[in-house]
Amino acid sequence: MNSNEIDIHKELKKYFGFNQFKGLQEQVIKSIITNQNTFVIMPTGGGKSLCYQLPALIKEGTAIVVSPLIALMKNQVDAIRSLSSENGIAHVLNSSLTKTEVNQVKKDITSGLTKLLYVAPESLTKEEYVAFLKNVPISFVAIDEAHCISEWGHDFRPEYRNLRHIIKQLGDVPIIGLTATATPKVQEDILKNLDMPNANTFKASFNRPNLFYEVRTKTKNVESDIIRFIKQHKGKSGIIYCLSRKKVEAIAQVLQVNGISAVPYHAGLDAKTRAKHQDMFLMEDVEVVVATIAFGMGIDKPDVRFVIHHDIPKSLESYYQETGRAGRDGGEGHCLAYYSYKDVEKLEKFMSGKPVAEQEIGFALLQEVVAYAETSISRRKFLLHYFGEEFDGINGDGADMDDNVRNPKTKIEAQNQVVKLLKVVRDTKHLYKSKEIIYTLIGKLNAVIKAHRTDSQSFFGSGVSFEERYWMALIRQVLVDGLLSKDIETYGILKITEKGMDYIDNPTSFTMTEDHEYNETEDEAIVTAAKSSGTADENLMSMLRDLRKKVAKKLGVPPFVVFQDPSLEDMALKYPISLDELGNVHGVGEGKAKKYGKEFIDLINSYVADNDIIRPDDLVVKSTGANSANKLYIIQNIDRKLSLDDIASAKGMNMDALIKEMEQIVYSGTKLNIKYWIDEMLDDDQQEEIHEYFMESETDKIEEALAAFDGEYDTDELRLMRIKFISEVAN
């Protein structure tokens, strides 16, 4: 073996200029050179591609590399070509080639010049290519991103399923499967599907000790939080992942407006723009790329210092892969994810249109992400356990590199409550989703509960000493623990598992994490952000409240007409001292700032001076007016007295969304005259009655108005009247 060893080291130096192999590379390469089926599980950045590139360059014949991504193939072909004087040493064979180019590829393979041929799985199924490849010497077939074979992989591609069948037609060639992420279930799937149960398997550790994992609650002020984070890491490279193209564009814009050099990257941009933005990032002309998951495949930038997930990903595999793009050089890498259960529900909704089998898998993968976000144990331990690797949470490498370990959460014993919860799920006969289960526990009625007469049961209201949020948090943690499951057919219905039945008879200690802010609740109608992630200055807050009362009294209007509470909170957080800055405060537009702002600015100015307050510049986040096109459309068409139904459908909104937009418009100080529309719904006396109510009320909350009128008016009528009221009285 010795001469062989000297050989591969010599070849490594000759082709790649390295003196030694990294991790498992040497063992893997020996396995391939001796023509054995080989399976490699190696995290991104571990030097996976060298495992098949070097043997391909050494061995007789052409190696076929199956890869799902055209961009990735192109990068690798360029890299191999740069090692040789012959361009034909590596080729791509996919749908983007012309007939002439295809002939050139065939010629180079036949003459023995081509050592590596990258193909997309679809191309391999073409008869003419298979016929051609049957008659040329093939050294081996490497299947990159092998997790695409498995339905349980996060990136399942049906065309990967046929690969084994096609490879068999090429004769007895060794197979090399490679993946950067695979749970034990996926690994088994890959080996079975490629029909290589006895492959030499090499699995590198998935631990990346230099990465710091952190999850933060996603509030409405997530953008200011991201801007603050990036400004604290000034001059460093980072990637921000979002789930939708629209969000990518919006965040990139907000960052640019706030003086951060950022570019968007998603599949909707043309290839030229994508390539340009990728190069700008690699060449450090920009600091941040805001991207959908289309970005990063094959990005070999070693010094990405942070990866931010604006939206939680659909699976832990995706999360691991995307965070794995940070700190490849072994230096610091901060992985920050923003989590709100609302996002998870959105992803669940997305899946509901898919076939049941696919839904089942999708929900199961998503549940793991929820468990990761909400867990209070070491995130590293949780992640590695998911990938089938045990981690010593005390002495392991990188053990203190996550938020849960550095700031342990308060835990409370919840054994009795878990038993109570499980019994309610059992005794309501598996009819209810989480909401009804919680209502049953806290004794709250709704139509569904009435219909099933659950309110006549002895356990109705048995959990009233805990609030709704507590039960919601407990349900999620009990789901993660496997005592309850969500039914797949009628997704969302809670069922008790065998493990749960057993728990009722033999309860053991169940500690639940306190202090996770799961869901920001908001009055569905008032479109105001949850409080910023900072805390408002209480002294200033009470001074602002007094001033608001005084101004309201002078003008003869209720205080909420001047500024709403969340706007005051934002002022007490950002200390705006000019009308311009006041216009950036939440829920305050230019119009409102001009109309009421002067006295508030004066007050804040003198307060800042008297108390030597250092103002947080980075908190005054400039908005891009990304929504302004919609707003303009609404304002113009209301001016034209167009039907609200038509305005909504022209913008693809439902009525609720349109009313929200209108509320934002009037609460920011712009007039909207919707009397023409309200006249169709309510007569003058009714309008007068509601107007009087808002005039005398302490609050503009819709629930209170609904209660005051005791069902005389519905929510939409009251919301529209509130818009009319604010528009006339405040603006």
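A donor-acceptor contact closer than 3.5 angstrom is absent between the side chains of Arg245 and Tyr265. In summary, the side chains of Asn200 and Thr38 do not present any donor paired with an acceptor at a separation below 3.5 Å, with no hydrogens or angles considered.
Annotation: side chain to side chain donor-acceptor pair (under 3.5 Å) contacts of Arg164 (sequence neighbours excluded): none. Partners of Asn103 under the side chain to side chain donor-acceptor pair (under 3.5 Å) rule, at least two apart in sequence or in another chain, do not exist in this structure. The side chain to side chain donor-acceptor pair (under 3.5 Å) test applied to Gln76 returns Tyr52, Gln53, Tyr118, not counting sequence neighbours.
A cation-pi arrangement, defined by a distance under 6.0 Å to the six-membered ring centre and an angle within 45 degrees of its axis, is absent between Lys236 and Phe306. Relative to the six-membered ring of Tyr213, Arg380 misses at least one condition, a distance below 6.0 Å or an angle of at most 45° to the axis. Note that Lys13 lies outside the cation-pi zone of Phe18, set by a 6.0 Å cut-off to the ring centre and a 45° limit from the axis.
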Between Glu317 and Tyr386, is a side chain to side chain donor-acceptor pair (under 3.5 Å) present by the stated rule, with each step listed? CA-CA 9 Å; Glu317 276 95 337; Tyr386 180 75; 3.0 Å; yes
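The aromatic rings of Phe21 and His9 stand perpendicular to each other, their planes meeting at an angle above 60°, with 30° marking the opposite boundary.
Checked against the 6.0 Å centroid threshold, Phe202 and Phe39 do not count as a close aromatic pair. Centroid-to-centroid, the aromatic rings of His334 and Phe212 come within less than 6.0 Å.
Side-chain atoms of Arg208 come within 3.5 Å of backbone N or O of Gly327 as a donor-acceptor pair.
Remark: of the listed residues Tyr339, Tyr320, Tyr319, Tyr319 is the sole one forming a ring-ring contact (aromatic ring centres under 6.0 Å, His included) with His309.
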